[in-house]
Amino acid sequence: MYNQKIAELFEEIADMLAIDPKDRKFEVLAYRKAAQTIEGLQEDLADIYKRGGTAALQELPGIGKSTSEHIKEYIETGKIPKYEELKKKYPIDFNTLTKIQGVGAKRVFKLYQVLKIKNIEDLKKAVEKHKIRNIEGFGEKSEEEIGKGITQFEGSKGRMLLGMALPEAESIAKKLNDSGLVDRAVIGGSTRRMKETVGDLDILVTSKKAEKVMDFFTGLNEVERVIVKGPTKTTVLLKIGLTCDVRVLDDKSFGAALQYFTGNKDHNVRLREIAIKKGYKLNEYGLFDRREKSVAGRTEEEVYKKLGMDLMPPEMRENRGEIDLAIKHALPKLIEIGDVKGDLHVHTNHSDGADSLMDMATAAKKRGLEYIGISDHSKSEYIAGGMDDKEFAKHLDEIEKLEGKVSGLKVLKSAEIDILKDGSLDLSNKTMDRMDYRLASIHTSLTMGKEEMTKRVIKAFETGYVSIWAHPTDRLIGERSPISVDLDKVFQSAKDNNVVIEIDASPERLDLNDENIFKARQYGLKFSIDTDSHATSNYQFLRYGVGMARRGWLTKADVVNAMGCDKLVKYFKR
Ligand code: DGT
Ligand code: CA
Ligand code: CA
Ligand code: ZN
């Protein structure tokens, strides 16, 4: 996906042109407009270009002759010469600097001319040394405003994908646990709830050496900068751009604190109301009776128990009805990662995967899977090396030849077949008949209107050839919005046509998301949790998909790839 990158480059070109001594207002405007169009675009520029060249690009609003040329240059060479040229003249991090309150392109240039400020670090130092106030046109007030702007910018760097945040949190918690300074270090917050994106990391520690723990923590090489440091709470900015809170707690209030700092907030608020009704007070230090005597706090379980509830998994704590179920002792037994026996969405180097059939099979076996389904792309995905019927015939032969080569692993024949614009499928029935099951997904014409899109998907389901609807809404978290489709109608059709709904576990997709899983479950649909692996390392994404499934309250019985292989193959044959 080039869109985001190209939009950023255009913004930067505009910034650099804006400070050019010559008046280039119209050019500046043209680049900004182009950037805006591209940012809101759902289709990949590369797809548009491949389809119709620069002429097709110029049909987009705000894209003209020169901007379309630049897009072409970038797609073909990875560079825009005009940008490189300007960048030589102005070696400044415009993108970041202009995001700071009180700093526009003109000021960035002035700061560079007078103080050689190139990036946010330079700017921060200049503010601290009170050098800004002496620049003509700035003054003390501007300096203050910029200082505040920097703090604000750093605090709001946005949310990060769970797939990046969780491994980072685990690595920090492990270092704390291995330090010899703590009794335990555990992850709380949205990371523990497996939320698709994370605002900051929350790590809870019990230790008798609080100050030493904080010294150790702030000294970790993951840490960019300390924001606040104290013996009970320390906050740092991590190099990956996320802040991280570490709290040191008393053993006797650890459970209450873990409960509180796991949240979410709405769940906590509801819990506290229930506590009050029972004559208690609940906070991060424990559950207290009217005489301020602690009645629970050492473990989460005892806190919930005293409130008349069963302990619920962190993924459920979103105040979506879980508290009532916990009171009725009717919580579902959620699916666990160990329940998943196979992966039904796997790519190889026969289309856009990085690794061979054999490597993908061997790696799956190593991960403890009992079966995988190879689901390479169909011909419309030519950029991704999609195969036509003839190529599929050979490809399917090769999968068959794999039989018995990796002991204990079954390899199923499948494909990720494009749902074309008119709802037809991208391969012949004869080819599809050879497969154990078939994934179908949408990769093109993503911006289609809701009604047309709904018809398109339902028509595909009605062919009778769709076993699994893969990455249903096509969103890319923080990058591309979901397709516009009437999920109620589509879910009903999936039910009528025995279509399984995928939970694509790759961290930038997580599609379906938790809320839509919740909805689909109400239609009695079955799910398949798949990694959409494009390399052997991608099998590790499974846990994010399982996290999503748990956030949607799924049990083992809801998930088809929790079945054994023979049973599953029969299931798809129905
Ligand atoms: P995030 O960081 O935005 O991804 O989401 P969380 O859920 O990790 O939120 P965070 O880090 O602000 O706070 C951690 C937990 O602390 C949160 O899940 C619930 C609890 N918490 C935070 N603020 C409040 C509050 O105002 N009231 C209550 N009852 N709990 C709160
Ligand atoms: Ca958090
Ligand atoms: Ca926090
Ligand atoms: Zn796909």
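Order of appearance sets the numbers: ligands from 1, and atoms from 1 within every ligand. This chain uses plain numbering: 1 for the first residue, then up along the sequence. Heavy-atom basis, side chains included; hydrogens, waters and symmetry copies ignored.
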Is Arg272 positioned over the aromatic face of Tyr260, cation under 6.0 angstrom from the ring centre and no more than 45 degrees off axis?
no
Tell me, which N, O or S atom in Asp245 is closest to the Ca ion (ligand 3)?
OD2
How wide is the angle at the Ca ion (ligand 2) between OD2 of Asp202 and O of Asp200, to the nearest 10°?
100°
Would you say the side chains of Asp250 and Ser253 form a donor-acceptor pair under 3.5 Å?
no
Measure from the ring center of His443 to the ring center of His471 and say whether it is less than 6.0 Å.
yes
Can you confirm if the NZ or CZ of Arg247 lies within 45° of the ring axis of Phe261 and under 6.0 Å from the centre of its six-membered ring?
yes
Do other residues, nucleotides or ligands put more than 12 heavy atoms under 6.0 Å from the NZ atom of Lys33?
no
Only one of Glu222, Glu168, Glu170 forms a salt bridge (charged side-chain N to carboxylate O under 4.0 Å, His left out) with Lys175, so which one is it?
Glu222
For Phe10, enumerate each residue passing the ring pair (Phe, Tyr, Trp, His ring centres under 6.0 Å) test, keeping only those at least two apart in sequence or located in another chain.
Tyr31
Within the 4.0 Å heavy-atom sphere of ligand 1, strictly under, residues
Arg159, Gly189, Ser190, Arg193, Val198, Gly199, Asp200, Asp202, Tyr260, Phe261, Thr262, Gly263, Asn264, Lys265, Asn268, Arg272
